[in-house]
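Since the structure comes first, as structure tokens, the remarks are kept for the end.
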Amino acid sequence: MTSAEIHQAIKKLNFLGSALYVAAHPDDENTRLISWLANEAKANTAYLSLTRGDGGQNLIGPEIESLLGLIRTQELLAARRVDGGKQLFSRANDFGFSKHPDETMKIWNKEEVLSDVVWAIRKWQPDIVINRFDHRTPGTTHGHHTASGILSLEACELAGNPGSYPNQIPLAGTWKPARVFLNISSFFFRNREEFEKSDKSNMAQVDVGVYYPALGKSNTEIAAESRSMHKCQGFGSAGVRGSEPEYLELLKGTMPKEKSNLFEGINTTWSRVPGGVPIGKILAAVEAGFKPENPAASVPQLMQAYRLIEQLPDGYWKSVKRAEIQEVIKACLGLFHEALAAEPSATPGESVSLRIEVIQRLGVPVRLEKVRFASMGSDTTFAMPLEVNKRVNWSRRATLSTDMPMSNPYWLNEHSALGLYSVPEQSLRGLPETPRQLKAEFHYTIAGIPIVYSCDVAYKDTDPVDGEVYQPFEVTPPVYTRLDSKVYLFADSKAQEVTATVKAGKPGIQGTLQLEAPAGWTVQPAEVSFMVKRKGEELPFRFTVTPPAGQSDGTLTAVARLEGKTWHRSLLEIKYDHIPVQTVLLDAHSRIVRIDLKKAGSKVGYVSGAGDDIPASLRAIGYEVELLEGPDLNPQNLAKYDAVITGVRAYNTNDDLQFKNAQLLEYVKNGGTLIVQYNTNSELRVPASEIGPFPLRISRDRVTVEEAEMRFLLPEHPVLNYPNKITAADFEGWVQERGLYFPDQWDKAYAAPLSCNDPGEPAKNGALLVAKHGQGHFVYTGLSFFREFPSGVPGAFRLFANLISIGKTPKP
Ligand SMILES: [Zn+2]
């Protein structure tokens, strides 16, 4: 902290008010208001994001789902470091788009998420709660959004009632916020003009464009820097300067008379804490007498206030203000301490080398009494004064206890339902990160008063480009295992080779490795022995896996046995410049599938679209796949293929098709089979009506419920019968959805053998269209084969094999 920032922090010590901002996703939060609350109002401010943003796209890397949620968690923490807020979550999972809050709350499990919002309010004790989304407008925005408004309002009532979620009471007590607001946004209105003309009599109004001379920035500039941390969503934004009104509709409580004073009538002085008045007197004097050129002069009085805070009974403001004043004292002294491990990770029971540095750089007497590593039962006593601006360094070895838990995001430790992460331990719920096990405690006496600082042990590296880089110190397993594919497909009863890799998490490991397969499958050898000398070294082993005769699927796991325990996790590192390195332990599980599959035809050509794994999946079940480009797309060349397939959105993205579609249709006419996967109806390279030999119209129809019933409108149609007899069982186990961008109008030359729909919606019959053209066949399908194949869904492969086989029925 600079002297100006220290002075800001001292002023904040004298404001005892708190605020909680509530919404659904990382990026929903209004960083202008959060920054205003933290820096201008100086309130203890948190953003409760119900989800970690696990759904959606990642603009900066390959991570999706829970791994994307992990990145967005860290981006929110990075944003809060900029705007001065804190970050909270619930266990709700961002499972994907939801049309209505009723659906959202069914999938989330309303009672559980509501209990988490109540928990957040009881723990944070906000005087004011601010909702981002209107609870009264279901269906007008993402269901998660409206649900966040509904849950927040309900929780504000329940949190004050000791009969609600009584298991939380001994840990957090009850709390009732004084005011609840809705943060009105111009997005709620059709246009800016309508927003400006709207009735604002029931709205508080604050100016979030204030300028902070101590920081040299406008509040709105800080807010833009904060928002720009949402990098995986591409929300870099530019700062604006100048007055900016922000409107808050009052939902509960009384409207402040002075409409910009959100905390009006709430005691926000030290007198709200029993025993707090003398602390307030001292800190008022510190604020008034602060000397920017000599911040250390404030330390004796700050230590007096610290001693009185320590003597308060345990409570919310004691813990908030103790942490704040510790940081102020440290900054006033130029006090620096850190404990670094020589390596970024170690395993339980392993000995680690620790380097410790302590220095105080300004002139108040500071004694270093001892440094303690509680979780390792290690104490070093110094009992010596620290000389001003003289660095003290030493190192020592210490041993991690054998029962130390592995570092991992706590919400990913257990298998979870679609809508809710499983977190059995109440005290962990809502925390942004897993608390670190390995901590160093620095015990000082400053101005005659004892004070203890606790900090996480870290790892530090000097990067030739970035310079000093800190990363968290991790407790990791002694051995990792990994399989070489996420899905293994067996289209017949032939055995296949599978490679499993062992990686040493510590030096000199010796054990055995085996593959656990479902019943009916055999693995050879049953077990192999391994010996790995160096930490980080990997050894691959090959196993032969033989499937059963009939259809079967399940999980294949690589399990290592070491020192009497089993291990089956691999380590994933996520590295980006704007967040700390994240490590995640993932199960070394893969799907293993024996598909009862018959094929007619074996050679297919593939015209790539926007990118999918269909060619690799088709090869895995025995097809010969060749990728086709412009010059290949002529009827003479195509004649050698049993079918030609276009990738997802090929007619949106592949320029070759713009000029070669007529040639493809000529190939069909001559007896070929063309299978066109889904395209969107905008920016088509070829008009939708001209993609096939007969007109069709592409709509936005999609069926997002993956279990939606599949009705067979033409049960005798060849694509449902040859060579694989398709039944309802073939539509079981589909993932994410049935399909998307189905045609909603088509020429009568097309047959539509399948029908499905989302609950409450009319039947959609355009999922699969088949037409005879000349001697050949044209197929248009929006079914999500591109999602089902990588997940190894057997029925999807059987149906696709029938599409390739069409027209090849044996002559009677
Ligand atoms: Zn959102």
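Each ligand, and each atom within it, is numbered from 1 in the order the structure gives. As a basis for the values below, the full set of heavy atoms in this structure was taken, side chains included, without hydrogen atoms, waters or symmetry mates. Sequential numbering from 1 along the given sequence is applied to the chain's residues. Only a predicted model underlies this, so the values are computations on that prediction, with no experimental measurement involved.
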Name of the residue among L182, L151, L251 meeting side chain to side chain contact (heavy atoms under 4.5 Å, CB included) with H135: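 Answer after filtering L182, L151, L251: L251.
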The Zn ion (ligand 1) to H145: nearest N/O/S atom name: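 Looking only at N, O and S atoms of H145, the one nearest the Zn ion (ligand 1) is named NE2.
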Minimum-distance N/O/S atom that H25 presents toward the Zn ion (ligand 1):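 Closest N, O or S atom of H25 to the Zn ion (ligand 1): ND1.
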Distance (rounded to the nearest 0.5 Å) between F89 CZ and L50 CG: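 Output value for this atom pair is 10.5 Å.
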Metal proximity, D28 vs the Zn ion (ligand 1), N/O/S cut-off 2.8 Å: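 Yes.
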F97: partners by ring pair (Phe, Tyr, Trp, His ring centres under 6.0 Å), with sequence neighbours left out: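 Only H142 meet the ring pair (Phe, Tyr, Trp, His ring centres under 6.0 Å) criterion with F97.
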Let me check something: any side-chain donor-acceptor pairs from residues 231-242 under 3.5 Å, sequence neighbours excluded? List them with distances.
| unit_1 | atom_1 | unit_2 | atom_2 | d |
| --- | --- | --- | --- | --- |
| K231 | NZ | S228 | O | 3.2 |
| Q233 | NE2 | P26 | O | 2.9 |
| R241 | NH1 | E221 | OE2 | 2.8 |

